[in-house]
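What follows is a single structure, written as structure tokens, with notes after it.
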Amino acid sequence: MKRLLVMMLCSMLLILTGCSGGNQHSQSTGNHKLQKVTIMLDWYPNAVHSFLYVAKEKGYFKEQGLDVDIKMPADTNDPLKMVAANQIDIALSYQPEVLVARGQHIPVQSFAAIVRHPLNTLMVPAKGSIQSPKDLAGKTVGYPSVPLDEAIVDTMVKSDGGNPKKVKMVDVGWDLIPAMARNKTNGLIGGYINHEKLLLEKEGHPMKAFSPTEYGVPDYYELVFVASEKALKQKKNMYKKFMAAASKGQQYVKNHPKQSLNILLKHEEKSAPLDKQVETKSLNILLPLMDAKKQPFGYQDANTWKKVGDWLYQQKLLKSKIDTKSAYVNLD
């Protein structure tokens with residue numbers, strides 16, 4: 001699942017030229033050589049990643065001449081760091097994170113929007129007295145000490161006519177579910193509508209979710225595919241092949257959600273076992289949020305990038321305005 005890093009270490013720049021990914025090796029299969037591609041997930045395998053495991057198991061990557069290795073990060077900050085250093089080919093990351101990295105002069109680019117709308121929502125107990133974000137004045141909101149989450153709450157409360165300075169942000173780390181379940185906080189930010197909300201409800205804690213986009217936060221891409229600028233220029237054809245296979249995988253998931261989840265469940269992380277019922281509900285939430293409508297799967301809109309960049313600057317998460325057109329590419 002998500003975890004968004006807002007402040008990147010500038011020292012990362014020192015390793016950009018010194019590290020090589022070891023991603024150029026080919027694997028022979030019969031009379032064909034498959035190009036090795038490494039992708040690192042944003043979190044442990046879950047419903048949103050179904051299309052990748054489908055594409056691998058169904059041979060869609062292999063049809064494109066690719067041997068794709070799907071890795072899970074040891075640390076949530078790893079994917080963007082490693083793709084920037086050319087240690088992996090592709091990272092699953094977040095649109096705001098890419099823009100913050102660009103603001104730090106780290107040459108990474110998004111090449112596909114996977115989840116086209118925010119999953120991160122402001123949650124409160126469904127039976128509580130909080131009816132809208134402004135009602136959080138004088139109350140506490142648990143969060144994982146991520147500046148982006150603070151900016152989201154600030155914007156939502158202000159947009160709703162409340163005073164964000166009267167909201168107390170409480171760092172609960174990644175113990176988001178226990179913090180809410182044990183009534184340690186009045187609200188929660190940093191949890192996903194397709195994950196934490198579902199798990200809380202399963203444990204008997206029905207939640208009300210306020211969408212950031214309904215309270216002043218721009219409609220941003222939650223998950224995006226990211227690569228280094230250098231790699232995208234040098235291996236553009238490989239990335240196009242990857243997206244062709246990924247798109248075919250996503251189409252299969254849309255047409256065969258049950259079978260796709262069965263494939264995903266075979267790849268669950270032992271330390272983070274999946275609940276089939278929760279993942280089924282999660283996929284039902286995700287599929288419309290991943291749909292680019294008349295555009296190809298992964299298509300990115302210039303206006304979306306500009307609005308998110310402007311908002312990050314207004315929230316002082318970017319020190320200066322950046323050229324958002326350079327933060328992404330559409331591989332067409």
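Hydrogens, waters and symmetry mates play no part in the numbers below; they use all other heavy atoms, side chains included. Because the structure is predicted, anything quoted here is derived from the model rather than measured.
Expressed to the nearest 0.5 Å, how far CE of M156 lies from CD of E214 amounts to 8.0 Å. Summarising the geometry, atom CE belonging to M123 is positioned 6.5 Å from atom CG belonging to L200; distances are rounded to the nearest 0.5 Å. The CZ atom of F225 sits 6.0 Å away from atom CZ of F111, with the distance rounded to the nearest 0.5 Å.
The ring of Y221 has its center no closer than 6.0 angstrom to the ring center of Y94. In this structure, F61 has its ring center closer than 6.0 angstrom to the ring center of F242.
In summary, the side chains of S228 and K230 do not present any donor paired with an acceptor at a separation below 3.5 Å, with no hydrogens or angles considered. If you check the side chains of D160 and S132, you find a donor sitting under 3.5 Å from an acceptor. Donor-acceptor pairing under 3.5 Å is lacking for the side chains of Q95 and S110. Under 3.5 Å, the side chains of N194 and K281 contain no donor-acceptor pair of N or O atoms. Between the side chains of N186 and T140, at least one donor N or O lies within less than 3.5 Å of an accepting N or O.
Under a cut-off of 6.0 angstrom, the local environment of NZ in K208 is crowded, with over 12 non-hydrogen atoms contributed by other residues, nucleotides or ligands.
Looking at V98 and Q109, their side chains never come closer than 4.5 Å, going by heavy atoms from C-beta outward.
In this structure N183 satisfies the side chain to side chain contact (heavy atoms under 4.5 Å, CB included) test with no other residue, sequence neighbours excluded.
A salt bridge is absent between E63 and K58: the closest approach of a Lys/Arg side-chain nitrogen to an acidic carboxylate oxygen does not fall below 4.0 angstrom. At a threshold of 4.0 Å, the pair K235-D89 counts as salt-bridged, since one of the basic side-chain nitrogens sits closer than that to a carboxylate oxygen. Salt bridge status for E229 with R102: present, with a side-chain N to carboxylate O gap under 4.0 Å.
For the side-chain hydrogen bond (donor to acceptor under 3.5 Å, both in side chains) criterion with D310, the lone passing option out of K306, Q314, K307 is K306.
Between the D175 side chain and the P178 main chain, no donor and acceptor come within less than 3.5 Å of each other.
Here the shortest heavy-atom pairing between I263 and H267 reads O-CD2, 3.1 Å.
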